[in-house]
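This structure is a prediction, so every number in the text was calculated from the model and none was measured. We name chains A, B, ... by the order of the sequence lines, and we start the count at 1 in each one.
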Protein chains: 2
Amino acid sequence: MKKPYLAVMALAAFAIPAIAQDAPAPSPNEIVDQASTDDWVAIAPEDLLVMTLAPAADGTERKVVIQLMPAPFSQGWVENIRLLARSGWYDDISVNRVQDNYVVQWGDPNYDNPEATGEAKPLPEGLRMMGKGDYTARVPVGLISPDIEADFSPTTREGWPTPILRDAYASSATFESGWPFAFRQYPDKSDRWPVHCYGMVGVGRGYSPDTGSGAELYTVIGHAPRHLDRNIALVGRVIEGIEHLSSLPRGTGNLGFYESAEERVPIQTIRVASDLPPAEQPSFEYLSTESETFARYAEARANRRDPFFIAPAGGADICNIPVPVRRDAD
Amino acid sequence: MKKPYLAVMALAAFAIPAIAQDAPAPSPNEIVDQASTDDWVAIAPEDLLVMTLAPAADGTERKVVIQLMPAPFSQGWVENIRLLARSGWYDDISVNRVQDNYVVQWGDPNYDNPEATGEAKPLPEGLRMMGKGDYTARVPVGLISPDIEADFSPTTREGWPTPILRDAYASSATFESGWPFAFRQYPDKSDRWPVHCYGMVGVGRGYSPDTGSGAELYTVIGHAPRHLDRNIALVGRVIEGIEHLSSLPRGTGNLGFYESAEERVPIQTIRVASDLPPAEQPSFEYLSTESETFARYAEARANRRDPFFIAPAGGADICNIPVPVRRDAD
């Protein structure tokens with residue numbers, strides 16, 4: 001794919017463009033394409049990971065770019081991940097598990113893998129241990145105007161462009177600083193959490209909430225497994241190259257683990273982008289979720305009026321309004 | 001995969017079984033495993049399609065089993081699909097489009113494909129033309145007890161085991177006869193529709209609602225694209241072998257179409273299972289969505305209490321409660 005997957009997916013399968021009479025309503029894609037440059041926010045190279053898989057059988061290069069979760073969420077794990085990347089710990093690990101409509105998981109193939117055959121790789125010094133209290137954010141209220149009441153309508157609010165969405169798992173869901181969140185009681189930001197949408201990256205753990213350092217990571221390759229929200233730490237999302245993970249053969253072992261070492265996909269390196277030589281640093285930006293353009297895009301996702309559609313939905317799931325992310329053209 | 005994908009996905013990635021003290025709450029999987037044989041409903045072979053792809057590069061057989069949508073939904077298209085299968089029209093078509101986090105689509109590579117190089121294959125006589133009014137069901141009310149009021153709580157109702165779910169696209173969503181539906185105003189069944197969950201199969205069409213015969217089909221391989229509900233006819237769901245579709249390389253053309261004929265995946269045949277020799281007929285059954293077992297399963301999906309979980313969600317998306325389907329052991 002040439003575009004980051006978070007760019008909106010076009011819809012009509014076999015739609016032949018009609019001859020324009022009245023101007024048709026713009027599609028969500030067209031709204032994003034018309035955004036001004038001011039609507040886009042640069043992502044710091046310190047917040048990007050570049051994961052390089054071994055080339056495909058036909059020699060194709062396979063790179064996956066991950067954007068790390070911003071403060072105040074999951075920062076202990078995010079710091080661990082930068083430490084693991086900088087210590088070279090991730091070099092020569094592998095993709096060990098691919099479970100259809102669920103997750104692709106990578107890490108040390110000999111760590112707690114039912115198909116392990118060797119010894120686990122020692123972890124570097126200095127990793128933080130995170131616990132049960134770290135799976136949601138408890139932060140000072142203030143960024144959201146306190147006089148806004150909860151609004152479960154899928155469309156936008158006058159004077160407050162952020163779309164507030166009805167949600168099957170929370171009182172409501174909305175966006176902030178480029179990320180999707182669910183709220184126990186919007187607009188109370190003191191109890192909100194990032195959500196398991198397609199492409200989100202999380203930290204594998206054992207039964208105890210204080211296991212899981214960031215050495216074992218996974219990404220979602222199916223319908224949003226939102227029951228994992230607040231149970232597993234989300235630390236980022238794939239913003240380019242997810243097809244190198246989502247199209248891998250499914251594992252035939254328990255939970256989709258590969259049953260033989262030959263099936264595992266080698267990971268050559270995972271690097272923090274700011275540590276790469278400047279010429280190799282990828283540069284990405286996201287559409288500001290606080291912009292009017294994003295509000296119009298989200299509203300159009302929830303109420304499709306472009307020519308293919310005969311019944312606008314009147315609502316949308318938080319995970320069906322992917323935040324547009326693109327390579328910086330500069 | 002050994003199990004149909006609709007069987008519930010297990011969760012804990014690296015969970016080491018704890019030593020049992022109090023009996024832990026059963027997982028959704030365990031509830032399904034303990035269902036009595038009476039809870040399972042056989043699927044008629046007339047309602048199953050077997051799609052045989054060309055073998056994989058390593059010689060692996062690739063068969064996909066599709067369960068067709070029951071009346072009163074989409075029956076014009078479903079009849080067309082049986083006619084197309086029985087006339088041999090589907091033989092030697094191909095998978096032409098794989099768009100990440102969206103759909104896999106198959107049909108005549110020369111029909112309205114931006115990458116077509118030849119002439120479209122003529123369709124058989126006798127196909128029905130369906131129109132705008134056929135995308136939702138308008139059927140007599142009666143199967144659901146009329147004295148039940150709408151209930152958006154995610155858990156089950158006393159005396160009425162069907163779970164009624166809060167939904168981002170409709171007043172509510174629930175299950176009937178083994179399928180997920182959204183309701184404009186539950187329990188009014190006169191306006192309800194099947195929903196685009198992972199693995200659902202739909203009919204590609206052009207701009208006009210009365211295009212789309214059933215010759216071009218797709219299945220969902222990503223987060224539920226529920227904005228397509230009521231805009232495209234859903235005619236079934238993949239109940240086995242979806243990994244043969246979901247793990248295909250993503251197309252690099254517009255909308256995920258393959259750019260070269262060599263990339264297309266040949267489909268050898270699509271047959272109605274009842275037309276196959278008895279020894280080759282697959283036999284499947286689904287967990288009755290009217291059973292108490294299903295109600296307990298759905299409730300457990302919405303409120304995970306098995307040992308891995310620290311924060312039960314208190315709700316679930318309709319597409320995150322896949323109806324269990326399995327091969328009949330008999």
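- Considering only heavy-atom pairs separated by less than 4.5 Å from chain A, the leading option among B:Gly212, B:Ser246, B:Ala313 is B:Ser246.
- Shortest non-hydrogen contact noted between B:Phe308 and A:Gly206 is CE1-O, 3.5 Å.
- Looking only at distances, no side-chain donor or acceptor of A:Arg304 sits under 3.5 Å from a matching main-chain atom of B:Leu228.
- When heavy atoms are compared at a cutoff of 4.5 Å, B:Ala56 does not approach chain A at all.
- Applying the salt bridge (Lys or Arg N to Asp or Glu O under 4.0 Å) test to residues at least two apart or on different chains, the pairs with a partner in residues 219-228 of chain B are B:Asp167-B:Arg226, B:Arg226-B:Asp229.
- Of all heavy-atom pairs spanning A:Phe309 and B:His227, the tightest one is CE2-O, 3.5 Å.
- Of the atoms belonging to B:Ile310, heavy atoms from both backbone and side chain fall under 4.5 Å from chain A.
- Remark: B:His223 engages A:His223 in a ring pair (Phe, Tyr, Trp, His ring centres under 6.0 Å) (not counting sequence neighbours).
- With chain B as partner, the option from A:Ser247, A:Ala182, A:Ala173 having the largest number of non-hydrogen pairs under 4.5 angstrom is A:Ser247.
- Interface summary for chain B: among A:Ala224, A:Pro312, A:Gly107, A:Pro249, the most heavy-atom pairs under 4.5 angstrom belong to A:Ala224.
- In this structure, B:Asn231 contributes its side chain and A:Ala311 its backbone to a donor-acceptor pair below 3.5 Å.
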